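Notes follow the structure.
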Amino acid sequence: IRSDRPRLLIADSVGVGKTIEAGLILRELQARRDIRRVLIICPRPLVTERKWEREMKRFDERFVHLDGKGLRHCISETDCDGEWPKGYEKVIAPFSLFNDEMLYGKGKRQKGLLQLDPPPQFDLVIVDEAHHIRNTNTQRYEAVRFLCENAEAVVFLTATPIQMGDNDLFVLLNALRPDIIIDSASYAAITEPNAFINRAALAARKGDSGWAAEAREALAEAAETPWGRTNLR
């Protein structure tokens with residue numbers, strides 16, 4: 001949160017209140033900087049049920065739901081004025097809104113979201129159930145990646161990081177921090193110590209006889225990985 005362009009991945013179990021966590025992060029960011037334009041992206045059922053709208057009211061925040069007509073209006077206004085319209089500064093949009101027409105426009109008649117120059121710049125983008133963008137060959141991935149690249153702060157919420165494969169987690173982290181998680185090789189190097197660190201943590205939790213020596217040995221192995229030799233010593 002203290003960084004110039006905050007990027008967070010919150011991976012908590014279902015039902016522990018990730019929307020409330022996102023609201024608290026919004027409040028903390030507002031205390032530190034000018035946060036006016038906020039975009040929440042989530043699955044359509046959460047829009048239909050007005051879950052995010054209700055949760056944000058707890059923080060005295062009023063959001064509007066963005067439908068196809070509203071998004072076309074915002075794209076047109078941004079194309080004309082170079083800025084996202086003020087009437088839609090705090091919006092909730094479903095993943096399903098990002099189709100070919102919305103992303104690439106309709107010929108010369110209307111530009112698409114990805115064609116806007118300058119692009120829309122949100123102060124905060126929140127992506128709920130972010131595992132929905134793990135397939136990079138989808139419009140939703142393209143849209144989220146584009147919006148995040150041009151946002152001051154981004155929060156991804158997901159309840160299934162352990163069930164997701166390594167490549168799925170790489171896609172999320174690469175979308176969040178492409179400057180650090182550059183490619184699969186850099187991701188593999190950064191995550192290589194994890195198995196040893198997890199082994200040390202498990203030994204400490206069990207507390208069996210000799211657990212301290214086992215934990216120290218595992219941490220020493222973590223420090224001997226290429227990434228560990230640079231960052232853990």
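These numbers were taken from a predicted model, which means no experiment stands behind them.
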Is [Y] close to [X] at the side-chain level, that is, under 4.5 Å between some pair of heavy atoms?
{"X": "T138", "Y": "F98", "result": "no"}
{"X": "L29", "Y": "I25", "result": "yes"}
{"X": "R229", "Y": "E224", "result": "yes"}
{"X": "M56", "Y": "K90", "result": "no"}
{"X": "D123", "Y": "D34", "result": "no"}
{"X": "P120", "Y": "L113", "result": "yes"}
{"X": "E214", "Y": "D208", "result": "no"}
{"X": "I180", "Y": "I190", "result": "yes"}

Verify side chain to side chain contact (heavy atoms under 4.5 Å, CB included) between H132 and R134, making sure each step is shown before the conclusion. CA-CA 6 Å; H132 283 288; R134 62 183 181 267; 5.8 Å; no

Side chains of [X] and [Y]: do they bring a donor and an acceptor to under 3.5 Å?
{"X": "D79", "Y": "S76", "result": "no"}
{"X": "E142", "Y": "Y104", "result": "yes"}
{"X": "R145", "Y": "N174", "result": "yes"}

If you draw a 6.0 Å radius around CG in D81, do more than 12 non-hydrogen atoms from other residues or ligands fall strictly inside?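 Above 12, so yes.
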
Would one find more than 12 heavy atoms of other residues, nucleotides or ligands at under 6.0 Å from atom CZ of R62?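 Count over threshold, so yes.
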
In one Ile/Leu/Val/Met/Phe/Trp/Tyr side-chain cluster, 4.5 Å: Y187, I182: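 No; I182 is not reachable from Y187 via cluster members.
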
Residue list, ring-ring contact (aromatic ring centres under 6.0 Å, His included) with F63, at least two apart or on another chain: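 ring-ring contact (aromatic ring centres under 6.0 Å, His included) list for F63, sorted by chain: empty.
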
Qualifying residues under ring-ring contact (aromatic ring centres under 6.0 Å, His included), relative to F146, sequence neighbours excluded: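 If we apply the ring-ring contact (aromatic ring centres under 6.0 Å, His included) test to F146, skipping adjacent residues, there are no hits.
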
Straight-line distance of [X] [atom1] to [Y] [atom2], nearest 0.5 Å:
{"X": "D117", "Y": "T78", "atom1": "CG", "atom2": "OG1", "result": "12.0 Å"}
{"X": "I20", "Y": "L26", "atom1": "CD1", "atom2": "CG", "result": "11.5 Å"}
{"X": "L71", "Y": "L97", "atom1": "CG", "atom2": "CG", "result": "4.5 Å"}
{"X": "L39", "Y": "F122", "atom1": "CG", "atom2": "CZ", "result": "4.5 Å"}
{"X": "L8", "Y": "I1", "atom1": "CG", "atom2": "CD1", "result": "6.0 Å"}
{"X": "N99", "Y": "R140", "atom1": "CG", "atom2": "CZ", "result": "11.5 Å"}

Does [X] have any side-chain contact (heavy atoms from CB on, under 4.5 Å) partners at least two apart in sequence or in another chain, and if so, which?
{"X": "E53", "value": "R50, K57, H65, I92"}
{"X": "Q121", "value": "N150"}
{"X": "I197", "value": "P193, L219, A222"}
{"X": "P45", "value": "P43, E49"}

Shortest non-hydrogen contact from [X] toward [Y]:
{"X": "A151", "Y": "R7", "result": "O-NH2, 2.9 Å"}
{"X": "D67", "Y": "G70", "result": "OD1-N, 2.8 Å"}
{"X": "T136", "Y": "Y141", "result": "O-CD2, 3.4 Å"}
{"X": "Y88", "Y": "C74", "result": "CG-SG, 3.4 Å"}
{"X": "L172", "Y": "A130", "result": "CD2-O, 3.3 Å"}
{"X": "K111", "Y": "I75", "result": "O-CG2, 3.3 Å"}

Passes side chain to side chain contact (heavy atoms under 4.5 Å, CB included), T191 versus F170? Steps please. CA-CA 10 Å; T191 56; F170 160 71; over 6 Å; no

Apply side chain to side chain contact (heavy atoms under 4.5 Å, CB included) to the pair W227 and L232, showing each step before the final yes or no. CA-CA 8 Å; W227 191 86; L232 297 180; 3.9 Å; yes

Got a salt bridge between K51 and E55, using NZ or NE/NH1/NH2 to carboxylate O under 4.0 Å?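 No.
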
So that I can tick it off, tell me whether E101 and R72 are bridged by a salt bridge, with the cut-off set at under 4.0 angstrom between side-chain N and carboxylate O.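 Looking at E101 together with R72, the answer is yes, because their closest N to O distance falls below 4.0 Å.
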
Using modelled atom types and a 3.5 Å cut-off, is there a donor and acceptor pairing between side-chain atoms of R33 and backbone atoms of D4?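 Side chain of R33 to backbone of D4: a pair is present.
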
